[in-house]
Amino acid sequence: MVRNKLDVLIPEDRIQARVRELGAEIRATLGDVPITCICVLKGSFIFMADLVRAIGGDVRCEFLGVSSYHGGTKSTGVVRITQDLRSPIEGRHCLVVEDIIDTGLTLHYLYRMLQMRSPATLHTCTLLDKPVHREVEFKCDFVGFQIPDEFVVGYGLDLGEYYRNLPYIAVYHP
Ligand code: IMP
């Protein structure tokens, strides 16, 4: 794997500080209720692991397998559910945890799909927001960082399944 194509965009300490802030914001907004955090796989698994610890209180973890890129650096716009939730979310306070919003198609689709399952409340959180390529309007409730029009990897985000284990977010230069 060639590492010199990567430039650090958000270092580890800034990510960790922001995740702690997001956790506190989420808990303050939702109040003292059990929160079902829905991790959108695979890109959000590292963010989710840190975020649930930052939220504190009663938290349940659920995992939703989604594939929208199929290994490239451009969105196909096709959202495929590869693994559904294991339990019903009806009547539960839910938080969708996403790694990045690019076109907005994935989160828009997931939001409508989950809303049909009658949760008590449904909020969304993304670590990164790349607003340049937005194709559908989507107002995410909790956003970690806005980033420029670059393909990024690390902290769970991949290119062809690599780089997820980097502790920072880096720009990938092809
Ligand atoms: P959207 O449907 O275009 O908003 O894309 C959302 C999904 O595309 C994310 O969950 C990521 O899996 C993937 N994605 C978008 N931009 C990037 C990027 O810069 N790096 C890695 N994955 C990305």
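The analysis underlying the following values was restricted to heavy atoms, covering all of them including side chains, and did not include hydrogens, waters or symmetry mates. Counting convention: from 1, in listed order, for ligands and their atoms alike.
Against a heavy-atom cut-off of under 4.0 Å, Leu157 is close to the following atoms of ligand 1: 20 (N), 21 (C), 22 (N). With ligand atoms numbered from 1 in the order given, ligand 1 contributes 9 (C), 10 (O), 11 (C), 12 (O) to contacts under 4.0 Å with heavy atoms of Asp99. Close approach of ligand 1 to Asp158 is summarised as follows: ligand atoms under 4.0 Å from at least one heavy atom of the residue are 21 (C). Ligand-side atoms of ligand 1 in range of Lys130: 16 (N), 17 (C), 18 (C), 19 (O), range being under 4.0 angstrom from any heavy atom. For ligand 1 and Thr106, the ligand atoms under 4.0 Å from any heavy atom of the residue are 1 (P), 2 (O), 5 (O), 6 (C). Every atom of ligand 1 with a heavy atom of Glu150 under 4.0 Å away is listed here by number and element: 19 (O). For ligand 1, the atoms closer than 4.0 angstrom to any heavy atom of Ile101 are 4 (O). Ligand-side atoms of ligand 1 in range of Glu98: 10 (O), range being under 4.0 angstrom from any heavy atom.
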Run the salt bridge (Lys or Arg N to Asp or Glu O under 4.0 Å) check on Arg117 and Asp84 step by step: do they pass? CA-CA 12 Å; Arg117 300 183 186 187; Asp84 204 347; 3.0 Å; yes
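When all heavy atoms of Gly91 and Ala120 are compared, the closest pair comes out as O-CB, 3.4 Å.
Using modelled atom types, one finds no donor on one side chain facing an acceptor on the other under 3.5 Å when comparing Glu98 with Thr106.
Rounding to the nearest 0.5 Å places CZ of Phe47 at 5.0 Å from CG of Leu127. With rounding to the nearest 0.5 Å, the separation of NE2 in His133 from CD in Glu135 is 9.5 Å. Between the NE2 atom of His108 and the CE atom of Met113 there is a distance of 13.5 Å, given to the nearest 0.5 Å.
Every heavy atom of Gly43 sits 4.0 Å or more from the atoms of ligand 1.
Tyr155 and Tyr168 have their aromatic ring centers separated by at least 6.0 angstrom.
The shortest N or O to N or O distance between Val153 and ligand 1 is not under 3.5 Å. Close N/O approach between Phe151 and ligand 1 is not found [any backbone or side-chain N/O within under 3.5 Å].
Relative orientation of the Tyr172 and Phe151 rings is perpendicular, given thresholds of 30° and 60° on the angle between their planes.
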